[in-house]
2 protein chains.
Amino acid sequence: MGRPVRARLSTAAIADAAVELIDSGQPFGLNAVARRLGVKPPSLYNHVDGVDEIIELVRGRLAAQYLAEAGTDAEWGEVLESMIRAERRMYTEHPHVVPLIATSTVRDEGVIRSYDLKATHLVRAGFPESEVLVLVQLLDAFALGSGLDYAAPDAVWEPSGPTKTLGRLLGAGPPGRVRNEQAFEVGLGILMDGLRERLARHVADA
Amino acid sequence: MGRPVRARLSTAAIADAAVELIDSGQPFGLNAVARRLGVKPPSLYNHVDGVDEIIELVRGRLAAQYLAEAGTDAEWGEVLESMIRAERRMYTEHPHVVPLIATSTVRDEGVIRSYDLKATHLVRAGFPESEVLVLVQLLDAFALGSGLDYAAPDAVWEPSGPTKTLGRLLGAGPPGRVRNEQAFEVGLGILMDGLRERLARHVADA
DNA sequence: CTCCATAGCTAATGGCATTAGTTTTTAAGA
DNA sequence: TCTTAAAAACTAATGCCATTAGCTATGGAG
């Protein structure tokens, strides 16, 4: 067959196809991405180093879409909260992505920049520098854990035997995703309040 | 070869081998577990339905070890905190397990019981029943996200270009796992304080 | 003593990621 | 303009994985 007149592939096209595939719920893999692009698997290696890089492309594509610079001039708490909400939106609109990106090291520049932005705002707000990365990491863990829970099958807990409380509450309440939404809101509220109070204490100590 | 005089395998032995394998950092898989047991892969199917069930066995084995009933008589906050710390210990002592169990549905009775216990304590404490599962889910997401972050490679963020703040702070502070430990402590503190305050408000409203 | 379930095994299937080497096309340089 | 090298698709092959089917010897139940 030889080289085609016009290139059929590009990292952008691969990233798009990968996101589509993941969102469809079908099992993710390099071969499946190739199939979706109407191309044989080895062709992808002309554009990408392997399956891990495809995942990194996906992260970058979504980061560009969701994590692109929020307003920088607002109060630090509002900036942080809006950034975390953006991350949250990314996870809920692409739930199947979460387990894939949850375990690999971040190299994408857009994501790095968003961490950098969070750190910069926290420093400017007056948090001690030794604590700033800890807080960024904390918020990230919460958002990721929450996203992971959202991605899990609806019945996260499936009690087979009798339970003291769990079974009753599971039957009474809304489905898992609604609960997850509430948990995210409650948690974010508590964490942001906690951070503000923590900052006030730091300022008072100084 | 035929049936051996004394059975070489059991679900317990499989679970143990799987945990050992996972802890060793080598890639997890049914074949690798079989290798470690000195047995051919298909033999495992006499005891287990497939690789997913092995993961469930691992969850159960660790849950039995770490999540076995804490003291039930203490104040609700202390009980909850100690349960979450137990979960945390499970994750830090077996970090490679986290990505594996993070995405699959929980069927293990021990884990279910521990959720049930948390829910029971929260109900008894006076939280509105409609909120209890939300809070359990919230704490779980935090612990899991934290554990996942702990499991990630030491340099979670690898800025290749220049950054405003991130690079400097990364160089100055302790390595990722220490930061993760601090983030867990700060987060747990904020969340528990937040829950207590929330309870006080609920009680005042009633 | 017979028979069946158990628990190893071997062999085979089909999927996956990846590498090597082939062909054709395009772009660049003499 | 002709040559040459890189690019981008391909085919073929490797080696891993999980899983299924079917074989065989053992031990216990009737």
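Computed over heavy atoms, backbone and side chain alike; hydrogens, waters and symmetry mates excluded. Lettering of chains follows the sequences in order, A, B, ..., and the numbering in each one begins at 1.
We find the CD1-CG distance between Ile112(A) and Leu117(A) to be 13.0 Å, quoted to the nearest 0.5 Å. For the atom pair CZ of Arg179(A) and CG of Leu138(B), the computed distance is 12.5 Å after rounding to the nearest 0.5 Å.
Considering only the side chain of Arg8(B), dG8(C) comes nearest among dG8(C), dT19(D), dA17(C). With distances taken from any side-chain atom of Val39(B) to the nucleotides dA9(D), dT19(C), dG8(C), the minimum falls on dG8(C).
If you measure from atom CZ of Arg3(B) to atom C1' of dG22(D), you get 18 Å, rounded to the nearest angstrom. We find that CG of Leu37(B) is positioned 13 Å from C1' of dG8(C), with the value rounded to whole Å. Atom pair Gln26(B):CD and dC16(D):P shows a separation of 14 Å (rounding to whole Å applied). In this structure, Asn31(B) atom CG and dA11(C) atom P are separated by 16 Å, rounded to whole Å. If you take CG of Leu30(A) and C1' of dC16(D), they are 15 Å apart, rounded to a whole angstrom. A straight line from OH of Tyr45(B) to C1' of dG8(C) spans 15 Å, rounded to a whole angstrom. As rounded to whole Å, 8 Å separates atom C1' of dT6(C) from atom NE2 of His47(B). Atom-to-atom, CG of Leu44(B) to C1' of dG8(C) comes out at 11 Å; the value is rounded to the nearest Å.
A side-chain donor-acceptor contact under 3.5 Å links Asn180(B) to the backbone of Ser146(B).
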- Item | Full working for side chain to side chain donor-acceptor pair (under 3.5 Å) between Thr92(A) and Arg177(A) | CA-CA 10 Å; Thr92(A) 55; Arg177(A) 291 220 160 155; over 6 Å; no
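The 5' end of DNA chain D is approached more closely, in terms of each residue's nearest nucleotide, by Asn46(A) than by the other of Gly50(B) and Asn46(A). The nearest heavy atom of DNA chain D to Phe28(B) and to Met1(B) marks one nucleotide each, and the one closer to the 5' end goes with Phe28(B).
Distances shorter than 4.0 Å separate some side-chain N or O of Ser43(A) from OP1 or OP2 on dC10(D).
In this structure, Arg6(A) reaches neither bases nor backbone, as no heavy-atom distance under 4.0 Å exists between it and the strands shown.
Looking at Arg85(B) and Glu185(B), a side-chain N of the basic residue comes within less than 4.0 Å of a carboxylate O on the acidic one, giving a salt bridge.
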